[in-house]
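Letters go in sequence order (proteins before strands), and every chain restarts at 1. Note that these values count all heavy atoms, side chains included, but never hydrogens, waters or copies made by symmetry. Keep in mind the model is a prediction, meaning the values are calculated, not measured.
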Amino acid sequence: MAKITFLEAIQQAQAEELARDPSVFMMGEDIRCNVFGTTTGFVERFGEERIRDTPISENGFIGAAGGAAMVGMRPIVDATLSSFLYPAMDQICSIIAKSRYIYGGQARLPLVIRSCMFYGNSNAAQHSDRPYAMFMNMPGLKIIAPSDPRDMKGLLKAAIRDDDPVLCFEDGTCWMAKAEVPDDPDFLIPIGKGDVKREGTDVTIIAIAGGVPTALKAAKRLEADDISAEVIDPRTLVPLDRDLILRSVRKTGRAICVDPAHLTCSAASEISATIVEQAFDALRAPVIRVTTPDTHLPFSPHIEKPLYPTVERIVDAARRIVGAPVAPQTV
Amino acid sequence: MAKITFLEAIQQAQAEELARDPSVFMMGEDIRCNVFGTTTGFVERFGEERIRDTPISENGFIGAAGGAAMVGMRPIVDATLSSFLYPAMDQICSIIAKSRYIYGGQARLPLVIRSCMFYGNSNAAQHSDRPYAMFMNMPGLKIIAPSDPRDMKGLLKAAIRDDDPVLCFEDGTCWMAKAEVPDDPDFLIPIGKGDVKREGTDVTIIAIAGGVPTALKAAKRLEADDISAEVIDPRTLVPLDRDLILRSVRKTGRAICVDPAHLTCSAASEISATIVEQAFDALRAPVIRVTTPDTHLPFSPHIEKPLYPTVERIVDAARRIVGAPVAPQTV
Amino acid sequence: MHDAQSSIGDNDRRLEKYRRMQRIRQFETKAEAIHAAGEIPGALHTYAGMEASGVGACMALRPDDYMVGTHRSHGHPIAKGAMLRPLMAELLGKSTGICRGKGGSMHLSDFSVGSLGETSIVGSGGPVAAGAALGAKLQGLDRVALCFFGDGASSEGAIHEGMNLAAVWKLPAIFVCENNRFGMSTPTSDAVAGEHVADRAHGYGIPGVIVDGQDVDAVEQAVREAVDRARAGKGPTLIETKTYRYADHAVNMGRDLTPRGPEHDEWVGRDPIRLYRARLIEEGVGDDALSAIDEAVRQEVADALQYARDSAYPDFEEAFDHVFVDRLPIPADVRAHA
Amino acid sequence: MHDAQSSIGDNDRRLEKYRRMQRIRQFETKAEAIHAAGEIPGALHTYAGMEASGVGACMALRPDDYMVGTHRSHGHPIAKGAMLRPLMAELLGKSTGICRGKGGSMHLSDFSVGSLGETSIVGSGGPVAAGAALGAKLQGLDRVALCFFGDGASSEGAIHEGMNLAAVWKLPAIFVCENNRFGMSTPTSDAVAGEHVADRAHGYGIPGVIVDGQDVDAVEQAVREAVDRARAGKGPTLIETKTYRYADHAVNMGRDLTPRGPEHDEWVGRDPIRLYRARLIEEGVGDDALSAIDEAVRQEVADALQYARDSAYPDFEEAFDHVFVDRLPIPADVRAHA
Ligand SMILES: Cc1ncc(C[n+]2csc(CCOP(=O)(O)OP(=O)(O)O)c2C)c(N)n1
Ligand SMILES: Cc1ncc(C[n+]2csc(CCOP(=O)(O)OP(=O)(O)O)c2C)c(N)n1
Ligand SMILES: [Mg+2]
Ligand SMILES: [Mg+2]
């Protein structure tokens, strides 16, 4: 066990799997020069054939990952930022998500597409995307969105070993978080299993990616109001651990979904809809979504920052549904 | 008033707006030859400059629509099938949805991107997409998804006159439906207003696109059980007429969301989440989603067809939440 | 008939080319008939007129080489040596189909003969082929990956990106543009800038070759040179086969939307199978031998159809297979009414 | 200084070129300093070393011609004649910024000088420029649309599709590839197949021109020929300006990731502004006149910075403007805590 950052966890997971399995290789734009610290020492250790800088052509190299996977390789694609997945939607949706199905199981596509959600730092609308919900609507893609170094490492390693395509969304606001992470080279976190990050009895806060630390802070703050919040991190968005969420909501009777992405058709919406469909009998209050509203993200910092879920908004939502007094709101 | 089909409604809407406004023009693959009957007589009437066959390069010509709109044109893009929007996601999400915002209002992008959801006819997974939910998660795009010829015509005309980019999803299962449609060249249906397709008191069925006729049939069938179903068609998905939906659910206390798209992060999920968030007090039963499950669509007809929402599934859902007896289910 | 191509002797090789073209033609003639009779659901895009392009190209490949195709998917796998039974069963949507009834006419991909997808999203095979070539290179195998795409597809960004990637990484890939003069109803010259698609090669610093797509030997020769180059680590080649499709974009759709010109008759006059048959006879191959092939293929096609008809449709559960490696759970309400 | 370019006399035109290059250089030098001091949020990609490319190209355009640029967005609008105050205010995220604080350093697009977006998604300007050219054509205007893109961007499908579309429709578009030898840390030769990006033109049947990107006159001349061709309805041209960026991909990020070679010093020695200054003096322009411009620009930049600093930040409500033409409603809970 060592205390490492989220970025170091990515680095370790990749290094261990590259060392373990010669069919694993990496490609992406400018990965050799190790801009963010996730490929430290890789060229020296694994060589330029396995650590490949690509042309700026996301559809081309992400599709090529699909082709390489079909012939037995296990590519890890570093797509840099999630905003750069749009140019590759063709290959992700029509080839990677569907080839196994449309050819009746003849194809196998073990590959990982990593991308960072790089929001909150004045990168403006074209660089601030958090688009996992789009991909959740497309069958055939597993999706992980870890919120701490331990989950990051265990899930990424599991993703690299998984025989299905996995999209890995890495929340830039979590990059510098540190945690104890096992050194065991076979430390894996199973894809599809959520985690209770904090136990509680009055309200369940289901939080995604960068929403998790915010939710944990809110839970702490709610202690002062004598509100006991349980915080659940699904960690994997597809398949979603609906059972864990429902179990918790059946216990608390209340739910808040915290999601740094846009509101409409979000993962938060999906979780809310699942709860009302399957745990209605247990529900004692509306399910509240605390997300980024459906506006784009502006460059100017002081109008950008308040758009993301905040501790205050979560605390208010919790107070409201638990029946505690809430600060007055203007509409 | 004349009785026309859904396809004829598209044809009329386009013809009228092309005739009305010289800045309107059309482009798309093979539109001149009028494969589906939506451009009958257009080349003769409006000329090849305004009715343009494009190369097979969706990102190129959809982006070009964005550029043309920025300089004062009002392009109508016929993207043929919704499955072909993926290659154009880059331009749709990064340019068309965001340019007005990122340049602080300097740009205006009045354009319409039409595409048909061509499912249910053995077109297999790569040609059967119904991806509107993906675009609902991206701010900056208005989205219409009409279910009958009248709405189709009125909404498409409104979309062409709208100063924002509008995606128009045309449900192939509605193509041949006929209805009375006004001849008035200024007949418009406002974007953002839903419609009560049938009044009822026991349960609200909110249905989308091709789900509407199915829901109406189910409502009829439910009469036999003495269940009075109200059927609401949002018609526009962005902006969504949340008020209309909530008003109805507050009246009936029950809701079913019928959506021919995949379940996870669907429009149905969004509607359900909205209901539980804002009309929880009125809810007397779980909100049920009747959608296509999260599998791809197979070619073989008799395993494809049962995947879409059926009258039976809606009827069962209604019975279940109204408290009537339901056929037993195996899990 | 799906032996290792490399072990075929010279005479056999010629007969095998003839046989594969016949198999494509007869398979499709039958398919078209039963499609018209309503026995095949969905659209049917035939390859008639283009057989020399697919067969010539695939005969230059080894069985373990890879190939990626298009929506016009019947010709490529047969050219690469696929058996007809699973292909015909697929057209009928049967569970014995090569894609277990999931793919249908646009997706007759047989992975056992190296086909890595006949993808119906125009242009989308480009990156896949580059990736398969990359995989072979990383594995130290001397396999190549061949990508068929249409003239219309050349306008797609995916083809550009696939070619640039293959060229800059010197991947063992061959890009074969089957220029049949139309993309649906659009003449190539209305959609594709430049005189020849092969001219694009110059921009990537790779060879660009134009070949008579009705001459199976010429196509084979051109592709063989590209394959040799690819195996030698010298990178990809772009080959344009000038060819022609006889039928409408998709058959039995009503009117033919293809705006054919006066050159139509000339093209039909240069039928690749008839041309090759004449050449073989000129070279001394007996008419009998060829007619025997025709007859054997007729029987093979009839057998395939019988097999397809006798096969069962997939069970409903199978709709939930192959989304992932593990079968998906089936929602109770869907199952209840399936 | 943002007069109609076409009305500038020959001497003025030369001084104007010099002035615009100076405006870019000094604007960025100042921006870099205050970015280092933390006054500008986000990343800052400077254009230093490339001024002749942008200014030469834009001086061949009319004020009413269109232009689309990139993430390296300071140079293009200034080259096209934009005022500095709203640009500097934008860098500081102020509501008086050209994008009202929504865009920042990567998106300094000034629509009033014909700029239709400096888009930070690499390659995404290609289709937009083709579309603007199409719009001008449909409107019967003789305007052209110029698209700046990088060597790295040439690998994107969007650039290919934009060029093919423009070529096949003979649109009045000019594609200017600013080849500064790197895309981030990647040398052009590692990412872009073929010797020159301009070689791609052959595949589209359009002229491909290579020009010294450090020579503002040469760039202007090359672009002018392309513009004339475009206005005459003869379609697009692809021009590659061979140039160089001095700073790291984005400045103040720590270490310079650009793997520079021995040619670095040579490039720096061919500074486009110094070269042009020397040429003008050789041609008889007085050193005083040029120094007066330097000084005037210094004052202009200082004024712009003062203006930017004095400006207010946008109100929170503005975050909900410009998603659509009508302002979005602000959710109550978001407003309550903003
Ligand atoms: C991305 C995409 N756009 C459009 C289509 C519709 N479409 C199917 S085939 C076809 C024409 C293809 O032309 P070409 O590439 O020349 O192949 P051909 O049909 O001539 O063999 C089109 C436009 C599609 N399947 N995929
Ligand atoms: C689609 C996309 N992919 C990747 C990036 C990240 N990125 C920003 S600039 C850049 C390099 C661009 O190189 P080039 O086109 O040569 O322009 P230059 O920066 O050299 O001016 C990259 C990879 C991006 N912004 N957009
Ligand atoms: Mg063709
Ligand atoms: Mg560059």
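For chain B, the nearby parts of Met184(C) are the backbone and the side chain; heavy atoms of each come within less than 4.5 Å. Heavy atoms closer than 4.5 Å to chain C are found nowhere in Glu304(B), neither backbone nor side chain. Interface remark: Asp315(C) contributes backbone atoms only to the contact with chain B (heavy atom separation under 4.5 Å). Contacts of Phe84(B) with chain C are made by side-chain atoms alone, with heavy-atom separations under 4.5 Å and no backbone atom involved. Of the two parts of Leu328(C), only the side chain, counted from C-beta on, holds a non-hydrogen atom closer than 4.5 Å to a non-hydrogen atom of chain B. Residue Val122(C) touches chain B through its side chain alone, counting heavy-atom pairs closer than 4.5 Å. Using a 4.5 Å cut-off between heavy atoms, His107(C) touches chain B through its side chain atoms alone.
We find the CE-CZ distance between Met106(C) and Phe299(B) to be 9.0 Å, quoted to the nearest 0.5 Å. Arg327(C) contributes atom CZ, which lies 10.5 Å from atom OG1 of Thr295(B) (distance to the nearest 0.5 angstrom). A distance of 7.0 Å separates CD1 in Ile56(B) from OG1 in Thr186(C), rounded to the nearest 0.5 Å. Put simply, CG on Asp190(C) and CZ on Arg32(B) are 7.0 Å apart, with the number rounded to the nearest 0.5 Å. From Leu81(B), atom CG reaches atom CD1 of Ile121(C) across 8.0 Å, with rounding to the nearest 0.5 Å. Between the CD1 atom of Ile303(B) and the CZ atom of Phe316(C) there is a distance of 8.0 Å, given to the nearest 0.5 Å.
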Exercise for the section: Please assess Leu307(B) against Phe320(C) for the test side chain to side chain contact (heavy atoms under 4.5 Å, CB included), listing each intermediate value before the final yes or no. Expected result: CA-CA 10 Å; Leu307(B) 294 172; Phe320(C) 296 82; 3.6 Å; yes
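Under the 3.5 Å distance criterion, with hydrogens and angles disregarded, a donor-acceptor pair is assigned to the side chains of Thr119(C) and Gln126(B).
Although no hydrogens or angles enter the test, the distance criterion places a donor-acceptor pair under 3.5 Å between the side chain of Asp30(B) and the main chain of Ser185(C). For Ser300(B) (side chain) and Gly93(C) (main-chain N/O), a donor-acceptor pair under 3.5 Å exists by modelled atom type. For the pair His337(C) (side chain) and Asp316(B) (backbone), a donor-acceptor distance under 3.5 Å is absent.
Ranked by heavy-atom pairs under 4.5 Å with chain C, the first of Pro309(B), Pro87(B), Gly60(B), Pro298(B) is Pro298(B). When the candidates Val290(B), Thr292(B), Val35(B), Asn123(B) are compared by the number of heavy-atom contacts under 4.5 Å with chain C, Val35(B) comes out ahead.
Summarising the local packing, NZ of Lys305(B) is surrounded by more than 12 heavy atoms from other residues, nucleotides or ligands at distances under 6.0 Å. For Glu317(C), the CD atom sits in a packed shell: over 12 heavy atoms of surrounding residues, nucleotides or ligands are nearer than 6.0 Å.
Below 4.5 Å, heavy atoms of chain C meet heavy atoms from Asp53(B), Pro55(B), all part of residues 38-55 of chain B. At a heavy-atom separation below 4.5 angstrom, chain B is approached by Gly101(C), Lys102(C), Gly103(C), Gly104(C), Ser105(C) within residues 98-105 of chain C. Interface with chain B: from residues 155-166 of chain C, residues Ser155(C), Glu156(C) qualify, criterion being any non-hydrogen pair under 4.5 Å.
Under the rule for a salt bridge (Lys or Arg N to Asp or Glu O under 4.0 Å), Asp326(C) has no partner lying at least two apart in sequence or in another chain.
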